[in-house]
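Following: one structure in C-alpha cells, then a few remarks.
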Protein chains: 2
Amino acid sequence: MVQMRPWVEIAEELRREIDRGVYGPGERLPSGSELMSRFGVARQTVQNAIDQLRAEGLVLSVAGRGWFVSERKPIVRLARNRLSKAERTAGRGTFMSDAAAGKWKPAVTVKIRRGQAPEDVCSYLGLDPGGEREVVVRDRVMCADGEVVQLAVSYLPVDVAAGTRLEEADTGPGGAYARLEEMGFELTHFTEVVSARSPRPREAELLQIPFGFPVIQVIRVAFAGDRAVEVNHITMSSERYQLVYQIDAD
Amino acid sequence: MVQMRPWVEIAEELRREIDRGVYGPGERLPSGSELMSRFGVARQTVQNAIDQLRAEGLVLSVAGRGWFVSERKPIVRLARNRLSKAERTAGRGTFMSDAAAGKWKPAVTVKIRRGQAPEDVCSYLGLDPGGEREVVVRDRVMCADGEVVQLAVSYLPVDVAAGTRLEEADTGPGGAYARLEEMGFELTHFTEVVSARSPRPREAELLQIPFGFPVIQVIRVAFAGDRAVEVNHITMSSERYQLVYQIDAD
DNA sequence: GAGTGGTCTAGACCACCCA
DNA sequence: GGGTGGTCTAGACCACTCC
C-alpha cells in the first residue's frame with residue numbers, strides 16, 4: 001500500500017488536510033517554496049502534486065498569487081425537458097431552455113459553412129464515406145454570463161438544410177429543431193452518446209478550462225422517425241456541467 | 001495564434017502527423033531521444049507533449065517499449081433498456097445486462113457494510129444530515145474479462161435494506177432492483193446525473209487508467225414513486241465507456 | 001547491456017500580482 | 001522589487017523490455 005512516488009504522497013497528504021479543514025474553501029495553500037522545504041523535494045515535484053489536486057478540482061491556481069482551495073463548483077444542469085416540444089413551441093431552443101432554467105444570460109456566436117462530414121457523422125446520416133459527404137455545418141460557441149461554456153458543431157444533410165433558414169446564423173424562435181419540424185420533419189426522439197476526454201489545447205483555451213479538467217462530449221442525433229436529420233457534436237467543460245437524464249422503468 | 005509554449009506546438013505537430021497517417025494506428029512513434037533532437041528540446045518537454053496526446057486518448061505508452069498510436073477504443077455501451085423490468089425479470093442486473101450485450105465475461109466483488117451516508121446521498125434519501133444517517137453500503141468492484149472497469153457504491157436506507165437479501169453479497173437473479181421490487185418497492189423511474197473528473201490516484205490504480213484519462217461519474221437514484229430507495233455512485237474509465245441515452249420527443 | 005519511458009533534482013527564466 | 005505560479009533545461013536514476 002506504500003506509494004513510492006513522492007508527488008503522489010504529497011498530494012494525498014494535502015488532500016487529507018483539505019478534507020480535514022486545515023485549509024478551508026477559498027483559503028490559500030502554503031507556497032511552492034514552503035512545500036519544497038516542508039517535504040524536502042524539488043519544485044517540480046511539488047508542482048506535480050498540485051497538478052493532481054487541480055485535476056481533481058480540489059485546488060485552483062492563480063498566477064502570481066498562490067494556490068487556493070476551490071469553492072464548490074457552480075452547476076449548470078441539463079434537464080430532460082430541454083428537448084421537449086413544449087420548450088420549442090414556447091420559442092426556446094435547447095440552450096435557451098437551459099439558460100431560462102439556470103437564470104443566466106445566454107449568448108451564441110454562429111459560423112455557417114459547407115463542409116465534409118466526419119466519419120461518425122456519415123454513418124449516422126447514412127452518407128457513403130467514399131462518396132459525396134457535403135453537409136451544412138453550424139459551428140457555434142455558446143456563452144453563459146459572458147463566459148464560454150459550450151462548443152457545438154451541428155451537421156445537417158444538404159438535401160434537408162440547403163437554402164433554408166438552417167443556413168442562416170439566426171434560426172429564429174425555437175431554434176433549428178423548430179424549423180425542422182415546420183419543414184415536415186417531425187422529431188420523434190434523440191440519442192445522446194456521452195463520453196469524456198481531456199481537451200485539446202484549443203478547446204482548453206476557448207472554454208478556459210483549468211488544468212487537467214476533462215471535457216464532456218455529447219454526440220446528439222435527432223431523429224424524425226427512422227431518419228437522422230441532425231448530428232450535433234457538443235463539447236463542454238466538466239467543471240461547469242452536469243448532465244441529468246431521467247429513465248422511466250418501462 | 002502562435003503558441004509560445006514548446007510542448008504545445010510539439011503536441012500539435014505530432015497530432016497532425018497522426019491524423020495525416022504518418023503514424024498509423026498501433027504504430028510506434030519516434031523515441032524520446034529522437035524527438036528531443038528533432039525539436040531541439042529537453043526530455044521533459046517532449047514528455048509534456050506526449051502526456052497531452054495521451055490525455056487526449058491518441059497515444060498509448062508502454063514502459064520500456066515506446067509510444068504507440070492508440071487503436072480505436074473498445075466501446076462498452078450502456079443502453080436504455082439495461083434498466084428495464086424485462087431485463088430484471090430475465091434474471092439480469094444492470095451490469096450483467098451490459099455484459100450480455102457486449103459479449104464479455106463479467107465478475108463482481110462485493111463488500112457490504114453499514115456506514116454514514118455522504119451529504120449528497122442524505123439529500124436524495126431525505127435523511128437529516130445532522131441526525132441519524134446510517135445506511136447500508138454495497139461497495140462493488142466490477143470486472144469485464146478480468147479487468148476492472150467500474151466501481152460502484154450503493155447506499156440504501158436502513159429501514160429498507162436491513163436484514164434483507166440486500167445485505168448479502170449475492171443479491172440473486174435480477175440483482176438488487178429485483179429484490180426491491182419483490183419487497184413491494186415498485187421502481188418507477190431512475191435519475192442519472194453524469195459528470196466527469198480526473199481520477200484520484202487510488203481510482204486510477206484500480207481502473208488501470210492511462211495517464212490523464214478522466215473518469216465518468218454517474219450518480220443514479222432509483223425511485224419507487226416519490227420515494228428514493230437507492231443512490232448509486234458509479235465511477236468508470238472514460239476510455240472504456242460511452243453512455244447512451246435515448247430521449248423521446250414528448 | 002543497450003534502449004525505452006517515467007520521474008526527480010537543481011537551477012534558471014518568464015509573467016503576473018501586490019505593496 | 002520581492003514573491004508567486006509555470007515552464008524549460010540538463011543531468012541523473014529507476015524499471016522495464018528486447019536482444
Strictly below 4.0 Å, N to O, side chains only: are D139(B) and R113(B) in salt-bridge contact?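 Salt bridge: yes.
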Using the side-chain heavy atoms of [X], tell me which of these nucleotides is nearest: [options].
X: T45(A); options: dG5(D), dC8(C), dC8(D); answer: dC8(C)
X: A42(B); options: dT9(C), dA10(D), dG5(C); answer: dA10(D)
X: V41(A); options: dT4(D), dG6(C), dT9(C); answer: dT9(C)

Report the distance from atom [atom1] of [X] to atom [atom2] of [N], rounded to the nearest whole Å.
X: D51(B); N: dG5(C); atom1: CG; atom2: P; answer: 12 Å
X: E34(A); N: dG3(D); atom1: CD; atom2: C1'; answer: 11 Å
X: I50(B); N: dG5(C); atom1: CD1; atom2: P; answer: 8 Å
X: L35(A); N: dG3(D); atom1: CG; atom2: P; answer: 16 Å
X: M36(A); N: dG11(C); atom1: CE; atom2: P; answer: 9 Å
X: E9(A); N: dT7(C); atom1: CD; atom2: P; answer: 15 Å
X: L60(A); N: dG6(D); atom1: CG; atom2: P; answer: 10 Å

Can you list the steps and then say if I219(B) with T191(B) is a side chain to side chain contact (heavy atoms under 4.5 Å, CB included)? CA-CA 8 Å; I219(B) 300 178; T191(B) 300; over 6 Å; no
Can you tell me if [X] touches the phosphate of [N], counting only side-chain N or O atoms and a distance under 4.0 Å to OP1 or OP2?
X: W7(B); N: dC8(D); answer: yes
X: S31(A); N: dG3(D); answer: no
X: S33(A); N: dT4(D); answer: yes
X: Q44(A); N: dC8(C); answer: no
X: R54(B); N: dG6(C); answer: yes
X: N48(A); N: dT7(C); answer: no

Could you check whether any side-chain N or O of R200(A) sits under 3.5 Å from a backbone N or O of E12(B), counting only pairs where one atom can act as donor and the other as acceptor?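 The answer is no, because no donor-acceptor pair under 3.5 Å joins these two groups.
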Q47(B) or V46(A), whichever maps to the more 5' nucleotide of DNA chain C: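 This one resolves to Q47(B).
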Residue whose nearest DNA chain C nucleotide is more 5′ - R43(A) or G32(B):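 First, find each residue's nearest nucleotide; the 5'-ward one identifies G32(B).
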Test side-chain hydrogen bond (donor to acceptor under 3.5 Å, both in side chains) on S154(A) and R140(A); report intermediate values, then the result. CA-CA 8 Å; S154(A) 278; R140(A) 319 197 278 308; 3.3 Å; yes
L29(A) vs I50(A), side chain to side chain contact (heavy atoms under 4.5 Å, CB included): CA-CA, chis, key distance, verdict: CA-CA 10 Å; L29(A) 293 179; I50(A) 293 288; 4.1 Å; yes
Excluding sequence neighbours, so at least two apart, what forms side chain to side chain contact (heavy atoms under 4.5 Å, CB included) with A55(B)?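 With sequence neighbours excluded, A55(B) shows a side chain to side chain contact (heavy atoms under 4.5 Å, CB included) to S198(A), given in chain and number order.
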What's touching nucleotides 17-19 of chain D from the protein side, N or O pairs under 3.5 Å?
from	atom 1	to	atom 2	distance (Å)
dC18(D)	OP1	R65(B)	NE	3.1

Should N232(B) and Y155(B) be marked as a side chain to side chain contact (heavy atoms under 4.5 Å, CB included) after you check the CA-CA gap, both sets of side-chain angles, and the distance that decides it? CA-CA 6 Å; N232(B) 196 354; Y155(B) 302 90; over 6 Å; no
With a 4.5 Å limit on heavy-atom distance, are the side chains of Q217(B) and V193(B) in contact?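 Side chain of Q217(B) against side chain of V193(B), heavy atoms only: no contact under 4.5 Å found.
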